[in-house]
Structures are given as C-alpha cells and as structure tokens.
Protein chains: 2
Amino acid sequence: MDSRSRTVTRIPVNAPTLADVAERAGVSRQTVSNAVNNPDLLRSDTLLRVQRAIGELGYVPNRAARNLRTRASHLVGLRMSPVLEGVATTVMDRFVHSLVWTSREAGYHVLLFSGEGPDPLEGYDDLLRSTAVDAFVVTDTYLGNPQAVWLRERRAPFVAFGRPWDDVEARHPWVDVDGAAGTELATRHLLDRGHTKVAWIGWRKDSRIGEDRRSGWSRAMHERGLSTTGLASRVEDSLGSGRDASAHLLDEAQPSAFVCASDTLAMGVLHTLADRGLHPGRDVAVVGFDDSQVAQLVHPGLTSVRQPLEEVAIAVVRSLEDLLATPSQVADGLLLSPTLVVRGTA
Amino acid sequence: MDSRSRTVTRIPVNAPTLADVAERAGVSRQTVSNAVNNPDLLRSDTLLRVQRAIGELGYVPNRAARNLRTRASHLVGLRMSPVLEGVATTVMDRFVHSLVWTSREAGYHVLLFSGEGPDPLEGYDDLLRSTAVDAFVVTDTYLGNPQAVWLRERRAPFVAFGRPWDDVEARHPWVDVDGAAGTELATRHLLDRGHTKVAWIGWRKDSRIGEDRRSGWSRAMHERGLSTTGLASRVEDSLGSGRDASAHLLDEAQPSAFVCASDTLAMGVLHTLADRGLHPGRDVAVVGFDDSQVAQLVHPGLTSVRQPLEEVAIAVVRSLEDLLATPSQVADGLLLSPTLVVRGTA
DNA sequence: GTGAAAGCGCTAACAG
DNA sequence: CTGTTAGCGCTTTCAC
C-alpha cells in the first residue's frame, strides 16, 4: 500500500445539488444560483418557490465547487506559533477566539496552520499557492518580520496584528495596540497614588514592542519631572528573570512600585516580594501587561494592562474585507488603546 | 490551449496549472497528476522530468479543484466554545496547539468555527453539508453532549476528546484523560507525605468529569482506610467558590491538604490561605488540576495534575485517519493517564 | 506507462 | 427576469 492512499469516503451520502433544486422548483440551475447569491434578481414568487425547494431538499452549496469557480475559499489563514510554555500565549489565544467569532460574521472561517520547523514561511507558501486561503492574518511581526516582507513580495493579501516597526517599505494594512499608552497609563496610575520611584522591568533592547512599552513608562516619569536613572531593567521574558531583576532593583534603588512589560515578569516580582515577606499592593505596587488569566487568579489580583483584542479582531476582519474587495487599495494602519485593569497589587 | 482571462486578482497572479506543467514536461495532464499522487505509476525518467517541471514552475495543486473532484477537503472542523473569562481555557488552547501540529503531519488543517448563538449545532450543520470539512473534532462532550448525538444521527465523521459518559448508544471513537487517576495520583502523593485529612473541592454533582475526578480522591483516601466524611465540597468552577469552600472546610474539618478539580479552585484555596496568613506548601498543601499557566507562575508554584494533551492530539488524529479511511469501522475509545507536576504547594 | 475523454458542482457571461 | 453555454483545475475511468 502506498502511504498516500486517497480512499476517503465523504460525509453526506447524496447531498442535493443545484440541479436537484432546479428540477424541483421547475427553474434552471442558474436561477437557483441567483436565488442563493443574488436574490434581488429574482421575481419574488420565483424566489419563494426556489427557496421552498431549497428548504425541502436541505440544499447547501458545495464549497469546493464554489471555491473553484469563484477562486475564493472564504478562509483566512492564521499561523500558530510553537507553544512557548509559560510565556503568555494568553494574548494569542484570546485573539484567536475573537478572530474566529468576528470572521464568522463576515462569512469567513479561520484556518489554523503551523510552521514547518525552522522556516516560518513554508506553511504560508503552500496554502497560498494551493489557493487554500484567501488571505492571512499575521500575528508575529515583532522582529524583522520575515513573513511580512515575504508576503509583500508575493503580493499575498494579509493583515498584520502588529505594526511594521521599522519597515519603511511596508504598505500593508495593520492593526496594533499602543503599548506605550498602556504603560503610561499604568505608570500614571501609580504616580497618582503617590509613588515616585517606579521601576521598569522589560525585555531586551532588540524587542521593538519592549522598547515601545518602556517608552510609556519613561514618558510618564519624565512628565512629572521624575528621574528614571537606575530604575530600569531589561531581561528576557521569564519568571526567573522577573524575580532576579526585581530583587536587584529593590536592593539598588528601593522602588516602591514596578511596571512590567508582561504578566510573566510581574509574577516574578511577586515571587521576590513573597521571598522577602513583602505584601504586593501594600508594601510594593506591581503592574503587569496583558491581563492574562494569572493576573485574574493570583492573590491579591494583579493590576494589568489589557489589550482590546476583540476590537483588534474586528478591525483586522474589516481590513481583510477591504483588502479582498479592493486588492490594490492603499494600506492603512490602526492603533488601538489598551486599558488598565486595576486589582489588588496596585 | 485555453486563453484564460484572469479577471480576478486573487492571491497567485499566474498560478501554473496541471496543463502548464504537462506542456513543459512534454507529457499529458494525467501523467502530471500521477506524478503528484501516484509516483509509482511513472517510469523513473518521466517522473524526474515531470518533477523538474513542477519545481521550475513552482506548481502546487489547486485545492478547490482537487476537493471538488475527490470530495474531500483535508480539513478538520473544531468548534471554539465561547470565551469563558477566568475559566481554564488553557486546556482547550493547549489542545488546539497540539492538534494543529499533529494534523499537519497527517496532511490535515484545522478549521476553526464558532457556535451560532444558542444552538451549538448550527455551525456543524453548515460545514458538514457544504463539504467544507471532512470530519470534526468534538471537545465539549461533558454534559449530555447534544453534538455527539446529533453528529451520530447525521452519520458525520467525528472523534471526541472526552468520553461518551452515559451515552450507551455511542459508537464513535473518542480519546480521553483519566481524571480519576489524576486525582488519585495527587491524593496519594499527599498521603505519602503524611497528610491524613485531605479535602476535596470539586464541581457540582451534575458534572460527570467532576464526579470522576472526585472518585479518584475518595478511592485513594479509602484505600488507606481514611474517612472522607465532611471533607468534600462541590461548587461551581470559580475563584470565589474555591476561596469560600476552602475557608468553610478549614473551619469545619481542619484539613491539612486540598485536592481540587481545577487550578481555578486551587487558586481560590491559595486566596484563603493568604487571607489567614497561612503558607501554601508549608502549612497547608494544595493540588490543582490542568497545570495551567497560573500553576506555573504563582508563588510558590502550584502542584497540579497535567493532562497529556499532546498525546491526546496524536490519538485523535490517528482515530480521524482510521475513521476517514474506513468509515464503517468499529469505534474505539482510548483513555490516557495524566501526570502530577509537583511544585511548591505540595 | 501514458493519453484521451468525462465530468465533480458551481457561477460569469451573455442570450432570450 | 430567466435560461443557455462554457468552463474553473483536477482526477477517475478506460483506451492505447
């Protein structure tokens, strides 16, 4: 036996076709097609007759045939990045939920695929060339984003969740959340509550997102004439890094509050506080980023910046529709504002 | 040759077809088709020539055309249940990741869809009749699972992640994780460490999964001749419920350890301990269920039962392949064992 | 081993 | 407004 044996039996045994409906309704196939796709073209009595036949037969258009004919699949491709255990997949997952929901209302379904090992483009290429999807939603555009460049070169339709940071060539539509505005919000919240030494724990300097979020913190500090010297730390996004960085900052600069680039890092701060018998919120304030499940469940509740992912999904789908309706359209970007979810730690 | 007028500006501007490859290789279209699907049928030199032509043109078979012809989409449908904020979507999301990954290796992609409001079947019906997917993966079979019954009646191919608890009519393939074994593991772990009063906080009695997990706890207790009277609480799956239930149990029965049906409930226990100045792991032991991100990040690390979702995904895809290859096959069930991830709280 | 026909079910383009 | 014609790109007969 060959490994590629295509002996697949299909689901509905005798699904009715356009022809069946046409016969039953006493019209031509085209009229049935119109009844489905352009009801306005039919006279109301004909339409009614056809619709009744459709209902009686339980007719549903065959996707494959329609796709072949219209050269559209009504599918949007989304690449699932490899699972990063412990890292905030939360954001991504919440976004997927919203995207699926929003897409449905626009008549689209979401096709999930995963990267083939090292080359993140491989998955895109196959789906694109096989016309399996109409467009992509690209989510990981943070670093040099090879996907965006590659997709642009192939003139593949896609909308990015994430700004084309330093890619001046970029002409694609994108939607993003203003991270700096979020951390600024968080920092101001702390300053308003009397804190003056607010520390920052963020990501390494090569992360554009990290630097953006950091800028919100420093902007809010400088705005009030406060110094940020010695109050910032840049580490990798892990629990241990957050713990170590906060311990170090606490020793060296005695901040009374921390703003972090992620909930993971903020949880690291909570570990340090617990180790030292300090109470989050009472002794030292902590703010995270992403409003993950952890933030909601941990004692006494982690104050965190929340991205409006539902709105992002809506905007992405809207861009997608524009893009597919008018392929050569001028690309636009949209920057949404996050909110601060205040809980016990701040 | 057909002078095809590419009016539509879809993704690939000039996607080569079978005919293009055939012309370039100097063979017929069918030979190219065979080269792709049944390479064994070709003479090696012909095969090589065709493959070179395919490579040079960058030919990829058109999915819609192939789907129409073969009546298969190589797509698996998965319904995303509405987002339940705060509740462990973690499991589901981890599973989706694994499923996408495993499916790819089997030549399948995952199509996400969402329920249309109240009726959870609506989404299934459309996809099924329109031949958009070859089969479904059904994940929420916990309660009376209307989907399973409905899908069975339509003779729709599907594999369930979750047992057909009390559905004796069920003949579909399923994969599940032995929750009772997990809680038994957790309870034994505590008993081995000297605890004798291990309390249970689980879900309400109408949850089959909840009762199953509870049975593992009581089995382990009785096995050692320990009483479970007054040590169990059944509540809804929320942080507040876990907090209240644990406070009540602590007052009434003074347990030294808690086993919970979810990480959410376990986090509720941690809240109670924090409120009373008790230290998790040192004063009172706590074990959760699902090994969510929270368990990994909270101080001092929540010991939790972890479901082998990667294995589940592999088994599900394998069942899917069997099912699609041999539709009338006898259904089988597979029960996998979870593991205990030991951290600071136990 | 390879090629020639015959559609899968649908819709764009026209004709009536 | 409705019907007729002609494929979309592919694979499944069945000749050669």
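Below, read A as the first sequence line, B as the second, and so on, with proteins coming before strands; counting in each chain starts at 1.
Residue B:Arg43 places at least one side-chain N or O under 4.0 Å from the OP1 or OP2 atom of C:dT2. A:Arg71 has a side-chain polar atom (N or O) that falls below the 4.0 Å cut-off from OP1 or OP2 of D:dG9. Side-chain N/O atoms of B:Thr17 include none lying less than 4.0 angstrom from OP1 or OP2 on D:dG9.
Atom-to-atom, CD of B:Gln30 to P of D:dT11 comes out at 10 Å; the value is rounded to the nearest Å. One can place CG of A:Asn38 at 9 Å from P of C:dT11, the figure rounded to the nearest angstrom. For B:Asn34 and D:dC14, the CG to C1' distance is 13 Å, given to the nearest whole Å. The nearest whole Å value for the distance from the CG atom in B:Leu18 to the C1' atom in C:dA6 is 15 Å. Between B:Arg63 atom CZ and C:dC10 atom C1' there is a gap of 20 Å when expressed in whole angstrom units. As a whole-Å value, the separation of B:Arg29 CZ from D:dT13 C1' is 14 Å. Taking atom CG of A:Asn37 as the reference point, atom P of D:dT2 lies 15 Å away to the nearest angstrom. Rounded to whole Å, the distance from CD on B:Glu23 to P on C:dA4 is 13 Å.
Not a single donor-acceptor pair, N or O on each side, falls under 3.5 Å between the base of D:dG9 and the side chain of B:Arg66.
Along DNA chain C, the nucleotide closest to B:Leu41 and the one closest to B:Arg69 are compared, and the more 5′ of them pairs with B:Leu41.
B:Asp322 and B:Arg318 are not joined by a salt bridge, as no carboxylate oxygen comes within less than 4.0 angstrom of a charged side-chain nitrogen. The pair B:Asp125-B:Arg129 counts as a salt bridge, with a side-chain nitrogen and a carboxylate oxygen less than 4.0 angstrom apart.
Once rounded to the nearest 0.5 Å, the distance linking OG of B:Ser319 with NE2 of B:His172 reads 10.0 Å.
Among the nucleotides D:dC8, D:dT12, C:dT11, the one closest to the side chain of B:Thr70 is D:dT12. The listed nucleotides are C:dA6, C:dG1, C:dG3; the one nearest the side chain of B:Val27 is C:dG3. Side-chain proximity of B:Thr31 to D:dG9, C:dT2, D:dT4: nearest is C:dT2.
In this structure, A:Asn67 reaches neither bases nor backbone, as no heavy-atom distance under 4.0 Å exists between it and the strands shown. A:Leu68 comes within contact range of at least one nucleobase, with a heavy-atom separation under 4.0 Å.
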Stepwise side-chain contact (heavy atoms from CB on, under 4.5 Å) test for B:Asp134 and B:Val76: CA-CA 6 Å; B:Asp134 290 346; B:Val76 178; 5.9 Å; no
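If you look at B:Phe113 and B:Tyr124, their ring centroids are closer than 6.0 Å.
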